[in-house]
Amino acid sequence: MLQQTRVNTVIPYFNRWMERFPDLKSLAEADEQEVLRMWEGLGYYSRARSLHKAARLVMEKYQGIIPHDSRVLECLPGVGPYTAGAIASIGYNERTTALDGNIRRIYARLFDLALPLGTKQAEQALQQLAEENLPSGNVGDYHEALMDLGSLVCVPQRPDCGICPLQRDCLAYRNGTVDTRPVILKKEAIPHYVVTAAVMLRDPDLVLICQRPAKGLLAGLWEFPGGKQEKGESLEVCLEREIMEELGARIEINAEFGVYRHAYTHFRVTLHAFLCTALDEPLAKEAQQLRWVPIASLMDYPMGKIDRQISRKLMEKGGNELS
DNA sequence: GATGCGTGGCC
DNA sequence: TGGCCAAGCAT
């Protein structure tokens with residue numbers, strides 16, 4: 001859960017998760033849709049599927065005992081170099097590095113590393129620094145201490161060097177390069193898409209939702225069908241085209257339903273949702289499956305943020321008022 | 001080796 | 001508003 005996610009965001013999810021899945025066995029026996037529902041809102045949903053698979057794998061292959069060896073841990077789905085090192089060092093006090101974003105930043109500043117983060121040379125240098133500076137004992141505490149220092153004091157922007165216990169050892173501080181360490185290569189500006197979605201209603205209170213493909217963005221989650229607006233295309237034409245492409249159906253667009261903005265990692269979207277009626281029976285083409293579900297049951301289906309907002313608005317309004 | 005993958009907080 | 005960033009990993 002903590003991969004690329006702040007502790008304060010994780011805490012409520014972690015507590016709910018541990019209540020529902022108190023051990024590996026309960027997680028291993030759960031079905032994937034429920035796992036995704038428990039994860040909904042945390043993002044990076046492949047983490048949930050990987051964790052689910054890893055639980056099953058540990059139950060089957062390792063008799064329910066999470067391995068101690070970081071090289072073995074790295075073979076588990078969703079477990080890479082950092083997570084393997086964190087489990088081994090924090091969980092089992094094995095003498096292993098656990099190089100996360102915080103610790104990379106701290107070492108880059110302590111040693112005034114000029115190599116851009118993410119390059120092979122920088123990674124090698126950081127890994128070497130991590131190994132050379134690994135204490136002989138209490139490695140888990142060491143890693144947690146550095147991560148806390150990185151998240152509270154040696155933060156990316158405007159670090160609080162005045163209260164840093166490492167100030168006198170910090171080469172970047174001495175050289176006046178704290179603000180430019182670590183060196184981060186500029187990222188491309190992210191595109192902004194306009195997309196449409198159809199809230200297709202059918203008596204008495206059914207609405208059509210589609211399960212997204214098993215790979216890619218929001219994989220396995222449910223959504224209201226639609227897609228990107230093309231150049232020179234009106235929102236209505238866009239929606240009619242998308243529904244024909246995705247579902248092979250003509251629709252009647254009855255009313256605007258809402259406008260939603262959202263920023264993903266690699267793009268932004270403005271989504272226009274419309275209340276619609278199907279003129280043909282929709283078929284699953286790109287979607288894994290389609291389902292006409294009672295509006296009151298929408299919470300049973302894992303969704304991304306925008307589709308969950310649409311769902312909540314639908315549930316508030318109720319089916320009758322809309323059709 | 002580069003790219004894709006969510007969401008929320010801060011400025 | 002938009003950019004930046006967060007206890008990275010898989011492909």
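Being a predicted model, the structure only gives us computed values, none of them experimental. Labels below follow one simple rule: chain letters A, B, ... track the order of the sequence lines, proteins then strands, and each chain is numbered from 1.
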- Task: Report yes if a side-chain nitrogen or oxygen of A/Q4 is closer than 4.0 Å to either non-bridging phosphate oxygen (OP1 or OP2) of B/dC5; otherwise report no.
- Result: no
- Query: What about A/T5, does its side chain sit under 3.5 Å from the base of B/dG8 through a donor-acceptor pair?
  - Reply: no
- Note on the structure: Whole-Å distance, A/M303 CE to B/dG6 C1', equals 16 Å
- Item | Length of the line joining A/R158:CZ and C/dC5:P, which is rounded to integer Å | 14 Å
- Message: Here's a test of your reading of the structure: between A/G80 and A/R6, which maps to the more 5' nucleotide of DNA chain C?
- Response: A/R6
- Item | Donor/acceptor link under 3.5 angstrom from A/T83 side chain onto base of C/dG8 | no
- Task: Take the protein atom CH2 of A/W39 and the nucleotide atom P of B/dG6, then report the distance between them rounded to whole Å.
- Result: 11 Å
- How long is the line joining CZ of A/F267 and P of C/dG2, in whole Å? 15 Å
- When rounded to whole Å, the CG to P distance for the pair A/L217 and B/dT3 reads 18 Å
- Item | Nucleotide B/dT3, atom C1' - distance to OH of A/Y264 in whole Å | 18 Å
- A/H266 has a side chain; which of B/dT7, C/dC9, B/dG4 sits nearest to it? B/dG4
- Note on the structure: Whole-Å distance, A/Q124 CD to B/dG1 C1', equals 13 Å
- Message: Applying a 4.0 Å non-hydrogen cut-off, can you work out what A/G150 is touching in the nucleic acid: base, sugar-phosphate, or nothing?
- Response: nothing
- Query: Side chain of A/K120: nearest nucleotide among B/dG1, C/dC9, B/dG6?
  - Reply: B/dG1
- Query: Which of the following nucleotides, C/dG8, C/dC5, C/dG2, is nearest to the side chain of A/R261?
  - Reply: C/dG2
- Task: Would you indicate, yes or no, if B/dG8 has its OP1 or OP2 atom less than 4.0 angstrom from a side-chain nitrogen or oxygen of A/K305?
- Result: yes
- Stacked cation flag A/R16 on A/Y13, 6.0 angstrom / 45 deg: yes
- Sugar-phosphate only, base, or nothing, as touched by A/R105 at under 4.0 Å among non-hydrogen atoms: sugar-phosphate
- Task: Scan A/H262 against the nucleic acid and name what it touches under 4.0 Å (heavy atoms): base, sugar-phosphate only, or nothing.
- Result: sugar-phosphate
- Among the candidates C/dC5, C/dG8, B/dT7, find the nucleotide nearest to the side-chain atoms of A/Y44. C/dG8
- Message: Of the listed nucleotides (C/dC5, C/dG8, B/dG1), which one gets closest to any side-chain atom of A/Q3?
- Response: C/dG8
- A/Q229 side-chain N/O to A/V195 backbone N/O, donor-acceptor pair under 3.5 Å: no
- Query: Considering heavy-atom distances to DNA chain B, does A/G118 or A/Y13 have its closest nucleotide positioned more toward the 5' end?
  - Reply: A/G118
- Message: Run the salt bridge (charged side-chain N to carboxylate O under 4.0 Å, His left out) test on A/R241 and A/E233 for me, step by step, so that the C-alpha distance in whole Å, both residues' side-chain angles and the decisive distance to 0.1 Å come before the verdict.
- Response: CA-CA 10 Å; A/R241 175 182 55 73; A/E233 193 178 46; 2.6 Å; yes
- Would you classify A/I103 as touching base, sugar-phosphate or nothing, given that sugar-phosphate means primed atoms plus P, OP1 and OP2, and contacts are heavy atoms under 4.0 Å? nothing
- Message: Looking at A/T83, is its backbone amide N or carbonyl O close enough to the side chain of A/Q3 to form a donor-acceptor pair, meaning the two atoms are under 3.5 Å apart?
- Response: no
- Taking the same atom, P, in B/dG8 and in C/dC9, what whole-Å distance lies between them? 22 Å
- Of the listed C/dA6, C/dC9, B/dT7, the closest approach to the A/N102 side chain comes from C/dA6
- Can you tell which of B/dT7, C/dC9, C/dG3 lies closest to the side chain of A/R268? C/dG3
- Message: So A/A98, base contact, sugar-phosphate only, or nothing? Heavy-atom distance under 4.0 Å.
- Response: nothing
- Message: At 4.0 Å (heavy atoms only), tell me whether A/V79 reaches a base, stays on the sugar-phosphate, or touches nothing.
- Response: sugar-phosphate
- Query: For the residue pair A/F257 and A/F274, is the inter-centroid distance of their aromatic rings smaller than 6.0 Å?
  - Reply: no
- Any donor-acceptor pair under 3.5 Å linking the side chain of A/R291 with the backbone of A/L208? no
- Message: Looking only at the aromatic ring of each residue, does the gap between the centers of A/Y264 and A/H262 stay below 6.0 angstrom?
- Response: yes
- Message: Nearest whole Å is fine: how far is C/dA6 C1' from A/K187 NZ?
- Response: 10 Å
